[in-house]
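Reviewing the structure listed below.
Each chain gets a letter, A, B and so on, in the order its sequence line appears, and its residues count up from 1. The analysis underlying the following values was restricted to heavy atoms, covering all of them including side chains, and did not include hydrogens, waters or symmetry mates. All of these numbers come straight from a predicted model, not from anything done at the bench.
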2 protein chains.
Amino acid sequence: MERRRADCIADDLEGLIFDGTFADGERLDEVQLANRFSVSRTPVREALQRLTQSGLVVQIPRRGVFVRQPGPVELLEMFEVMAELEAVCARLAASRISDEGFNDLLDANRRCKSVVEVLDTDTYYRENERFHAILYRQSGNAFLEQECLRLQRRLQPFRRVQLRVRGRMSQSMAEHEAIVAAIGDGDGERAAEAIRQHVSVQGEKFHHLIARLKPAAE
Amino acid sequence: MERRRADCIADDLEGLIFDGTFADGERLDEVQLANRFSVSRTPVREALQRLTQSGLVVQIPRRGVFVRQPGPVELLEMFEVMAELEAVCARLAASRISDEGFNDLLDANRRCKSVVEVLDTDTYYRENERFHAILYRQSGNAFLEQECLRLQRRLQPFRRVQLRVRGRMSQSMAEHEAIVAAIGDGDGERAAEAIRQHVSVQGEKFHHLIARLKPAAE
DNA sequence: ATTGTCATTCTTGTATACAAAAAGGCTTGA
DNA sequence: TCAAGCCTTTTTGTATACAAGAATGACAAT
């Protein structure tokens, strides 16, 4: 599928917002961006509209678009929704998953486990994402799957931070095991509760998330 | 808040797609639409991009945008997600709702009930929507609330049809009562199950939805 | 000194012009 | 008759030009 310039710019901008090049509340100047990417304002505007829809920026008519990083409260809310959505996936998967699908899940989990032993957080992050994506798929609801992927993508930069905490990887693995076991038993409620614990931000995780949230405040 | 032409066009187009002026699979010609709305292609393109994000049309690069009505399967999936999201709202609300919030819910329910007696489906539809919106709010999670409103809006034209079924309004009311009662008791699981039944498409509702789905197939 | 008004400048929103890619039709060959 | 290749036309994607609203700053009046 051919990509237009506007699409590339949207992706690049997303990265620039994630890595802090554009701070929260900052206005994104159309002509500046156009110069930066060596294009006209038209594709820049299209890209900004896409970012508006995904919630990274907010657009005020005849004022401009402004970066809008979620604050601590909104972030917790988003993680809560993610946890609940994944819980739904797990519950549905427990009664709908096929033998083949379950094997995919086991396989993804094995790959995670092999990475944990090497302590490679980046790779683990990717494999973990794959594990969750398979779970979404096994919900048997393609629309739900898409919604989960959307939110997962949105939370990506924050989730990544979480894994850096010492011992978090092995704990994450243990939680995976519990999830898989519950689904294997066809126990939807147990699976839902297990993944809710896995994803939601509580206790230690809460402090780390908040601490990492404002590195610019120093 | 000032509205731009592109926003109005997006809304109008949404309506035109809902009411069947543009059929499923049809290509939306930019210049045609520009003429229709007496504007240039620019705001039309912006509007189409917005519709793309909300899923009403699909955009194929360098080919154009095409209307994409959800088929029966996708529709059922969307209703399932709606049911599950509302179930989450209900469960969270059961433990988080304040006295004031509970009064709002009772009030909204009373308004529904008074409409049922007059058998005014349109007004009932609006009041029912309000009831659900209050429930979203009472989940205590603003992000969840927004997501629910988004999906509710997307399912609006299909939901409307459902209510036309004879006796559906009074059944809907009875279900509301059960939901409110469960939340009043602080019983999250019971509230979740009640609203799941209320929203999900099963049994009779399934047939009516499918039957109404393709009126152009005659 | 502060506030209100006016004018300038800047920025967004829209229209138009141009470029590039795809669709459609024609010819030509077997 | 059918298919392949080329050319024309159509349509999307991008650049530029123009219009209208908002921000800024100066100046005047209280």
Side-chain angles (χ1 to χ4, degrees), chain A residues 1-18 20-70 153, chain B residues 1-18 20-69 150 153:
Chain A
M1 194 215 258
E2 291 273 343
R3 284 168 62 83
R4 292 158 308 169
R5 268 174 245 241
D7 294 333
C8 303
I9 293 171
D11 289 348
D12 287 358
L13 273 178
E14 199 176 284
L16 290 173
I17 291 172
F18 281 161
T21 305
F22 295 113
D24 185 37
E26 191 173 341
R27 184 175 129 263
L28 295 178
D29 191 284
E30 293 179 0
V31 299
Q32 246 174 264
L33 294 175
N35 291 336
R36 178 179 202 129
F37 292 107
S38 302
V39 294
S40 76
R41 276 175 55 220
T42 312
V44 170
R45 280 176 65 83
E46 288 205 9
L48 289 177
Q49 250 196 265
R50 285 189 27 173
L51 295 190
T52 300
Q53 290 298 337
S54 65
L56 272 87
V57 302
V58 65
Q59 182 172 37
I60 304 176
R62 301 185 197 284
R63 294 285 170 79
V65 310
F66 300 83
V67 177
R68 193 186 158 293
Q69 293 283 17
R153 182 171 161 72
Chain B
M1 195 219 259
E2 291 274 345
R3 283 168 61 83
R4 292 157 307 168
R5 270 174 244 242
D7 294 332
C8 302
I9 292 169
D11 289 348
D12 287 358
L13 274 178
E14 198 176 285
L16 290 173
I17 291 173
F18 282 161
T21 305
F22 295 113
D24 185 37
E26 190 173 342
R27 185 175 128 264
L28 295 178
D29 191 285
E30 294 179 0
V31 298
Q32 246 174 265
L33 293 175
N35 291 337
R36 178 181 202 126
F37 293 106
S38 302
V39 295
S40 75
R41 276 176 54 219
T42 312
V44 170
R45 280 177 63 84
E46 288 204 9
L48 289 177
Q49 249 197 266
R50 283 188 31 171
L51 295 189
T52 300
Q53 291 296 337
S54 66
L56 272 89
V57 302
V58 65
Q59 183 171 39
I60 304 175
R62 301 185 194 286
R63 294 284 170 81
V65 312
F66 301 83
V67 177
R68 191 187 160 293
Q69 293 282 16
R150 200 170 56 89
R153 182 171 160 73

**Message:** Quick check for you: to the nearest 0.5 Å, what is the distance between A:Arg50 atom CZ and A:Asp7 atom CG?
**Reply:**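 Rounded to the nearest 0.5 Å, the CZ-CG separation comes out at 4.5 Å.
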**Request:** State the CD-CG distance between A:Gln32 and A:Asn35, to the nearest 0.5 angstrom.
**Result:**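 Here the interatomic distance stands at 8.0 Å.
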How many whole angstroms separate atom [atom1] of [X] from atom [atom2] of [N]?
| X | N | atom1 | atom2 | answer |
| --- | --- | --- | --- | --- |
| B:Arg3 | D:dG21 | CZ | C1' | 17 Å |
| B:Arg62 | C:dA21 | CZ | C1' | 6 Å |
| B:Arg5 | D:dA19 | CZ | C1' | 10 Å |

**Item:** Basic-acidic side-chain contact under 4.0 Å: A:Arg3, A:Asp11
**Value:**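 Yes, A:Arg3 and A:Asp11 are salt-bridged.
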**Item:** Pairing of A:Arg5 and A:Glu46 as salt bridge, 4.0 angstrom limit
**Value:**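 No, no charged N to carboxylate O under 4.0 Å.
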**Prompt:** Looking at D:dG13, does its base get a donor-acceptor pair with the side chain of B:Arg41 below 3.5 Å?
**Reply:**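 Yes, the side chain and the base share a sub-3.5 Å donor-acceptor pair.
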**Message:** Using only modelled atom types and a 3.5 angstrom limit, is any donor from either the side chain of A:Arg63 or the base of C:dG13 paired with an acceptor on the other?
**Reply:**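 Per atom types, no contact qualifies.
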**Request:** For DNA chain D, find the residues of residues 26-40 of chain A with a heavy-atom distance under 4.0 Å and give them by number; none if there aren't any.
**Result:**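 Hits under 4.0 Å, by residue number: A:Val39, A:Ser40.
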**Asked** Closest approach of A:Ala6 and A:Pro43, non-hydrogen atoms and distance?
**Response**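 Shortest heavy-atom separation between A:Ala6 and A:Pro43 comes out as CB-O, 3.7 Å.
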**Prompt:** Going through the distances and angles, do B:Thr42 and A:Thr42 end up as a side-chain contact (heavy atoms from CB on, under 4.5 Å)?
**Reply:** CA-CA 9 Å; B:Thr42 312; A:Thr42 312; 5.9 Å; no
**Item:** Within residues 42-52 of chain B, residues whose heavy atoms come under 4.0 Å of DNA chain C
**Value:**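 The stretch gives B:Thr42, B:Pro43 as the residues lying under 4.0 Å from the strand, ordered by number.
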**Prompt:** Can you check side-chain contact (heavy atoms from CB on, under 4.5 Å) on A:Asp12 and A:Arg36, steps first, answer last?
**Reply:** CA-CA 11 Å; A:Asp12 287 358; A:Arg36 178 179 202 129; over 6 Å; no
**Validation row: B:Ile17, B:Leu51 side chains within 4.5 angstrom (heavy atoms)** =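 The answer is yes, as the side chains (C-beta and beyond) meet within the 4.5 Å cut-off.
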**Any A:Arg4 side-chain nitrogen or oxygen under 4.0 Å from OP1 or OP2 of D:dG13** =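 Yes, because at least one side-chain N or O of A:Arg4 sits under 4.0 Å from OP1 or OP2 of D:dG13.
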